Amino acid sequence: MKPTLPQGTRDFSAQVIRKRGYIFDTIRTVFELYGFEPLETPALENLDTLTGKYGDEGDKLIFKILNNGLDNSQKHEQAKEDFKKILRGKSVKTLTEKALRYDLTIPFARYVAMNYGQLTMPYKRYQMQAVWRADRPQKGRYREFYQCDADVVGSYSFMYDAEFAFIYWEVFKRLGIDIELNLNNRKILTSLAALCNATDKMMSITVAIDKLDKIGIEKVKQELEKNGLGPRQIKIIEDYLNIKGTNQQKLDSLKTLFLNIEEGKKGIEELEFILSLLHDAPEGAFGKPKVNIHLTLARGLNYYTGVIYEVKAKNIEIGSIGGGGRYNDLTGLFGVPDMPGVGISFGVDRIYDVMDELNLFPEKMQKGATALFFNMGTEESKFAFFQMQQLRAKGISCELFPEPAKMDKQFKYASKKNINYAVIIGSEEIKTQSCVVKDLVKNEQVTIGLNEIKDYFTK
RNA sequence: GUGGUUGUAGCUCAGCUGGUUAGAGCAUCAGAUUGUGAUUCUGAGGGUCGUGGGUUCGAGCCCCAUCAUCCACCCCA
């Protein structure tokens, strides 16, 4: 048979892993710098832990796992009955009770709910693991991909909301990606729906206005109309969409709009606090985060209740490369009420695609071992092997060509594996206790004593 | 879930309105060159044209099905 990969998954070769590792390391470094500690959770969760947390569309994209043991003939009749329920769109525990993790936030909430007694609050954790979605793959979209999340639970402080803006900024500065960091507040969106007297239609309103940049005002109005909103309501939304200017000007316009809506005023205050903190902060090594109040930013996850973030890469069309927000009751569904939190996520695979396309990976990542020892014959190679072991003991990576092949071939092997130095020890060199070290990049070579090799590579 | 694209050598692709033994570049291997490559020259190997059916005297090319791929929509990292 011809083997294939499941749709939307990939193998990662050495080069790709090195580059991905560079992204992971950068993110991890910043997370640690801000005092977050690591957490890992299983790839599998109980299906009912996940369902209902991501909206109707999200639920459809959860990978469900078929239970084992269904081939037991005594259970066939029951299984057939249960399968009919599946066809009606219900999930049935006797057929499927486990699912692959859809994101990192809900498993984190589950963990907090199970362990909150033991955790030091506020609990700051980061998590870098794969997640799975049964989506159709396309550009920048995979069925298995990695997220790097940082969340804080157990605090209402908006200091944290601002801190995440710094984290986003710092990570992408370190990676060399120019970003647009957009902020909005779920409270503002709810207030808009309230203003329209359409609190129940809040989701469809936000979904529609989120597309403004993409499809334009007319199409947005059409979609609102299709969702059952009347002309007066659409007019209110249109006025909202016409709010423009600097961040402060936008917030000022909102203030007059939400004059009688407490929640809206709170949302504005929250954003103002974050903006002031960013504004007054000293210029750090990576500058100050530049954020953009983006009133049409929605984000699909329905557990957000406050500030929401979205990161887009400039100069490239790939969707968002990060997102997050504040939620005031994430663990409530798991029996632990009043557990506020805020968190963000990095989409590693899209960040990789951006960096690859814009050529942002540093040269030095592509390196293989430091040196290749040439194989100049059976006896010579044994000698070279022992020399090599001494270098390895000093932490210098090297390898030996396995057969006494033509030098031409050994050189090509070295350059293909991005090895910078060739070490040649033939019978002559053994006699004189020396070796030839050739710098394959500069195309220069020197003959040095065997006892000098270590120094040559550690200099 | 809906719509479309593509599938030919290890890789990237040519292949005319259906017509003999299906081509190129790169890669691989061998030789010119028994200790100096990435940047020389010569030669060689490698394909049941995604798979299964059909139309035809004849199919890589047309039709149907199926699988895979990429792209767009929905939604999202």
Side-chain angles (χ1 to χ4, degrees), chain A residues 1-10 23 27 54-62 89 101-105 128-149 168 203-204 206-208 210-211 214-215 219 223 297-302 309-313 317-325 343-354 372 374-377 380 401 404-430 435-447:
Chain A
M1 67 169 274
K2 210 158 80 180
T4 55
L5 283 172
Q7 198 179 38
T9 66
R10 293 137 314 144
I23 298 172
I27 296 173
Y54 308 112
D56 291 342
E57 291 294 324
D59 281 358
K60 287 183 201 157
L61 301 181
I62 296 171
R101 170 169 73 210
Y102 177 91
D103 73 352
L104 301 178
T105 309
M128 313 205 292
Q129 290 186 280
V131 301
W132 293 268
R133 295 188 189 173
D135 217 346
R136 280 266 177 98
Q138 55 176 284
K139 188 179 162 88
R141 180 175 301 190
Y142 306 97
R143 287 187 143 181
E144 177 184 69
F145 61 98
Y146 278 73
Q147 292 190 323
C148 297
D149 278 31
Y168 264 142
M203 276 310 282
S204 47
T206 54
V207 168
D210 190 41
K211 295 177 193 162
K214 203 168 177 180
I215 63 177
K219 288 255 174 73
E223 186 164 331
L297 173 62
R299 302 206 46 76
L301 301 176
N302 49 18
Y309 314 84
E310 182 170 70
V311 183
K312 289 198 154 177
E317 204 53 57
I318 197 163
S320 62
I321 55 176
I344 58 169
S345 179
F346 289 83
V348 175
D349 303 79
R350 284 188 182 173
I351 292 172
Y352 179 95
D353 290 343
V354 169
L372 176 69
F374 274 32
N375 191 319
M376 307 304 290
E380 291 89 336
F401 200 83
K406 283 166 55 174
M407 295 190 74
D408 164 88
K409 197 169 174 181
Q410 305 196 41
F411 273 118
K412 279 182 178 161
Y413 179 84
S415 63
K416 266 188 203 158
K417 289 195 71 177
N418 285 308
I419 295 171
N420 274 2
Y421 295 94
V423 179
I424 303 167
I425 306 177
S427 49
E428 270 310 304
E429 283 83 4
I430 294 177
C435 67
V436 173
V437 180
K438 180 165 182 177
D439 184 325
L440 299 175
V441 178
K442 292 184 189 152
N443 206 14
E444 292 165 4
Q445 66 181 48
V446 288
T447 303

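The structure displayed is predicted, hence computed values, not measured ones. To find a chain, count down the sequence lines: A is the first, B the second, and so on, and within it residues start at 1.
Applying a 4.0 Å cut-off to non-hydrogen atoms, the residues of residues 413-423 of chain A that approach RNA chain B are A:Ser415, A:Lys416, listed by residue number.
In terms of the side-chain contact (heavy atoms from CB on, under 4.5 Å) criterion, residue partners of A:Gln129 (sequence neighbours excluded) are, by chain and number, A:Glu40, A:Thr41, A:Arg101, A:Leu104, A:Gln127. Residues passing the side-chain hydrogen bond (donor to acceptor under 3.5 Å, both in side chains) test with A:Glu429, sequence neighbours excluded: none. Listed by chain and number, the residues in a side-chain hydrogen bond (donor to acceptor under 3.5 Å, both in side chains) with A:Asn420 amount to none (sequence neighbours excluded). Remark: A:Lys417 pairs with A:Glu399, A:Tyr413 by the side-chain hydrogen bond (donor to acceptor under 3.5 Å, both in side chains) rule, at least two apart or across chains. Considering only residues two or more places apart in sequence or on other chains, A:Lys312 meets the side-chain hydrogen bond (donor to acceptor under 3.5 Å, both in side chains) condition with none of them. For A:Lys211, the side-chain contact (heavy atoms from CB on, under 4.5 Å) partners at least two apart in sequence or on another chain are A:Val207, A:Ile215, A:Glu223. Here A:Lys406 pairs with nothing under the salt bridge (charged side-chain N to carboxylate O under 4.0 Å, His left out) rule; sequence neighbours left out. Residues meeting the side-chain contact (heavy atoms from CB on, under 4.5 Å) test with A:Ala313, sequence neighbours left out: A:Ile177, A:Ile316, A:Ile321, A:Val354. Scored by the side-chain contact (heavy atoms from CB on, under 4.5 Å) test, A:Ser204 finds A:Lys201, A:Asn227 as partners (sequence neighbours excluded).
Closest approach of A:Phe145 to A:Arg10, counting heavy atoms only: CA-NH2, 4.3 Å.
OP1 or OP2 of B:U69 has at least one side-chain nitrogen or oxygen of A:Gln7 nearer than 4.0 Å. Phosphate contact (OP1/OP2 of B:C70, side-chain N/O of A:Gln138, threshold under 4.0 Å): absent. Phosphate contact (OP1/OP2 of B:C29, side-chain N/O of A:Lys409, threshold under 4.0 Å): present. Distances shown here put a side-chain N or O of A:Lys211 below 4.0 Å from the OP1 or OP2 atom of B:C74.
B:C57 and B:A65 are spaced 26 Å apart, taking the C1' atom of each and rounding to whole Å. Separating the P atom of B:C67 from that of B:G4 is a span of 16 Å, rounded to the nearest Å. Of the C1' atoms belonging to B:A77 and B:C16, the separation is 46 Å, rounded to the nearest Å. The gap from the P atom of B:U28 to that of B:G37 amounts to 16 Å, rounded to the nearest Å.
Within 4.0 Å of A:Leu440, counting heavy atoms only, lies at least one base atom of the nucleic acid. Looking at heavy-atom distances under 4.0 Å, A:Asp349 makes no contact with the nucleic acid at all. Among the heavy atoms of the strands lying under 4.0 Å from A:Tyr142 is at least one base atom, whether or not backbone atoms are also near. Using a 4.0 Å heavy-atom distance criterion, A:Gly322 is classed as a sugar-phosphate-only contact.
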With the criterion being N/O to N/O and under 3.5 Å, what pairs connect the protein with nucleotides 31-35 of chain B, and how long is each?
{"from": "B:G35", "atom 1": "O6", "to": "A:Glu429", "atom 2": "OE1", "distance (Å)": "3.0"}
{"from": "B:G35", "atom 1": "N1", "to": "A:Glu429", "atom 2": "OE1", "distance (Å)": "3.1"}
{"from": "B:G35", "atom 1": "N1", "to": "A:Glu429", "atom 2": "OE2", "distance (Å)": "2.9"}
{"from": "B:G35", "atom 1": "N2", "to": "A:Glu429", "atom 2": "OE2", "distance (Å)": "3.1"}

Item to check | Structure string for RNA chain B in dot-bracket form, Watson-Crick and G-U at under 3.5 Å, | interchain | outcome: ((((.((..((((.....[...)))).(((((.......))))).....(((((..]....))))))).))))....
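Stacking of A:Phe411 onto the six-membered ring of B:A38 is not present when judged by under 5.5 angstrom between centres and under 30° between planes.
Listed nucleotides B:C75, B:U2, B:A77 differ in distance to A:Ser320; the shortest reach to its side chain belongs to B:A77. Side-chain proximity of A:Arg133 to B:A72, B:G37, B:C76: nearest is B:C76.
When each of A:Arg141 and A:Gly347 is assigned the nucleotide of RNA chain B bearing its nearest heavy atom, the one mapping closer to the 5' terminus is A:Arg141.
The pair A:Arg143-A:Asp135 does not meet the salt-bridge criterion, since no charged nitrogen lies less than 4.0 angstrom from a carboxylate oxygen.
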